> 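Got a structure for you, written out below as structure tokens; questions coming shortly.
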Amino acid sequence: MRLLALTIRFRVVDHCGITRKEFSQPVIWMTWHNRIFVMGHARCLYTKHRWGAVLASPSKDGQIIARFMERFGISSIQGSSNKRAAGALKEMIRWIRDGHDISITPDGPRGPMYHLQPGSVKLAQLTKTQVMPIRVDYSNAWKAKTWDQFRIPKPFSSVVVTFNELETVNRTRDENEFQAECARIEAIMRDKTGFTNAAEKGSPTV
């Protein structure tokens, strides 16, 4: 990534002010699973002053991502919807209450692609923390034959990372309200990242 980044033209669009040093509140970062390749480098370029952790699956693939992110100074919390879910949730709550960010791929670790899993909504409710939908556009990229069609930008391409406005997750009283809130945040996430159709296979740029 560091070698590839030397050839890539990076640009950030900050709609919420998170790149400013005076922005101090903890935030839950939300990026679709197939766009996370550049996020470690983007963090080093634009938000290195912030401290945080990424939620990574205990699976073999998840550990590769965790080690990858740690190279860029981002800690990892091991857990997923079916493994160590309760323990991971408690650890993420502790990180946020200590004033740090948490980064989540809401459609990970196994999809479906562009479908939000409920864990990020639950975390936001329990900690009263706003979520930040992140859009990542590549001018040219390779597409892997994986469940998420993972994207890797090609050398000398352009990458635009957009930190969108923070979204407040509403409190809910029962399961029906919770599912409705998950659907609302998923719709916002798709809209803010350019994937309004869950079945869409491409991207707004690639």
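Note that the numbering runs from 1 along the sequence shown for the chain. This structure is a prediction, so every number in the text was calculated from the model and none was measured. What's counted below: heavy atoms across the whole structure, side chains too, no hydrogens, waters or symmetry copies.
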> Does a donor on one side chain sit under 3.5 Å from an acceptor on the other, for H33 and D148?
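Distance-only check passes for H33 and D148.
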> Go through the structure and list residues passing ring pair (Phe, Tyr, Trp, His ring centres under 6.0 Å) with F37, not counting sequence neighbours.
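Per chain and number, F37 pairs via ring pair (Phe, Tyr, Trp, His ring centres under 6.0 Å) with F68.
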> Not counting sequence neighbours, which residues clear ring pair (Phe, Tyr, Trp, His ring centres under 6.0 Å) with F150? List them please.
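With neighbours one apart ignored, the set is empty.
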> Which heavy atom of P153 sits nearest a heavy atom of V159, and at what distance?
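So the two residues come closest at CB-CG2, 4.1 Å.
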> Out of curiosity, R11 CZ to L45 CG, how far, rounded to the nearest 0.5 Å?
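Here the rounded value is 14.0 Å.
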> Roughly how far, to the nearest 0.5 Å, is the OG1 atom of T172 from the CD atom of E181?
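These two atoms lie 7.0 Å from each other.
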> Under the side-chain contact (heavy atoms from CB on, under 4.5 Å) rule, collect the residues that match up with T31, sequence neighbours excluded.
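With sequence neighbours excluded, T31 shows a side-chain contact (heavy atoms from CB on, under 4.5 Å) to R35, I36, M39, I134, V136, given in chain and number order.
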> How about Y46 and D14: does a side-chain donor come under 3.5 Å of a side-chain acceptor?
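No, no side-chain donor-acceptor pair sits under 3.5 Å.
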> Tell me, please, which residues at least two apart from F10 pass ring pair (Phe, Tyr, Trp, His ring centres under 6.0 Å).
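With sequence neighbours excluded, F10 shows a ring pair (Phe, Tyr, Trp, His ring centres under 6.0 Å) to H41, given in chain and number order.
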> Using side-chain contact (heavy atoms from CB on, under 4.5 Å) as the criterion, list what pairs up with W51, not counting sequence neighbours.
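Listed in chain order: R43, S75, W95, H100.
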> For L6, is the CG atom crowded, meaning more than 12 foreign heavy atoms sit under 6.0 Å from it?
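Atom CG in L6 is crowded, with more than 12 foreign heavy atoms closer than 6.0 Å.
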> Can you confirm whether the side chains of W32 and T105 place a donor and an acceptor under 3.5 Å from each other?
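No, T105 and W32 have no side-chain donor paired with an acceptor closer than 3.5 Å.
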> List for me each residue that meets side-chain contact (heavy atoms from CB on, under 4.5 Å) alongside K154, sequence neighbours excluded, and say none if there are none.
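Scan of K154 (side-chain contact (heavy atoms from CB on, under 4.5 Å), adjacent residues dropped) gives N140, W142.
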> Just grab all the side chain to side chain donor-acceptor pair (under 3.5 Å) pairs involving residues 156-165, residues at least two apart or on different chains.
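Listed by first then second residue: R9-S158, E165-K192.
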> For M132 and C16, work out which heavy atoms get closest and say how close.
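Of all heavy-atom pairs spanning M132 and C16, the closest is SD-SG, 3.5 Å.
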> Donor-acceptor check, side chain of E186 to backbone of L116, threshold 3.5 angstrom: yes or no?
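Here the side-chain-to-backbone pair exists.
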> Mind checking whether V13 and H15 have side chains closer than 4.5 Å, heavy atoms only?
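When only atoms from C-beta onward are counted, H15 and V13 do touch, with a gap below 4.5 Å.
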> Got a sec, which residues hit salt bridge (Lys or Arg N to Asp or Glu O under 4.0 Å) with K122, two or more places apart in sequence or on another chain?
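K122 satisfies salt bridge (Lys or Arg N to Asp or Glu O under 4.0 Å) with no residue once adjacent residues are dropped.
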> Once salt bridge (Lys or Arg N to Asp or Glu O under 4.0 Å) is applied, do any residues pair with R171, and if so which ones, sequence neighbours excluded?
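Salt bridge (Lys or Arg N to Asp or Glu O under 4.0 Å) check on R171 returns nothing, list empty.
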> Quick one: salt bridge (Lys or Arg N to Asp or Glu O under 4.0 Å) partners of R2, sequence neighbours excluded?
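Listed in chain order: nothing, the list is empty.
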> Testing the basics here: between F178 and V121, what is the closest heavy-atom pair and its distance to 0.1 Å?
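Smallest heavy-atom distance, with atoms named: CE1-CG1, 3.7 Å.
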> For the residue pair A124 and V131, what are the closest heavy atoms and their distance?
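Where A124 meets V131 most closely, the heavy atoms are CB-CG1, 4.0 Å.
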> D101: what forms a salt bridge (Lys or Arg N to Asp or Glu O under 4.0 Å) with it, not counting sequence neighbours?
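D101 satisfies salt bridge (Lys or Arg N to Asp or Glu O under 4.0 Å) with R50 once adjacent residues are dropped.
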> Looking only at heavy atoms, which two atoms of G40 and I74 are closest? And how far apart?
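Taking G40 first and I74 second, the nearest heavy atoms are CA-CD1, 4.2 Å.
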> Which residues satisfy the side-chain contact (heavy atoms from CB on, under 4.5 Å) test with T168, sequence neighbours excluded?
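Q130.
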> Can you tell if the side chain of V27 reaches within under 4.5 Å of the side chain of I96, non-hydrogen atoms only?
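Not in contact.
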> Between OG1 of T127 and CD1 of I102, what distance do you get to the nearest 0.5 Å?
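T127 atom OG1 to I102 atom CD1 measures 9.0 Å (nearest 0.5 Å).
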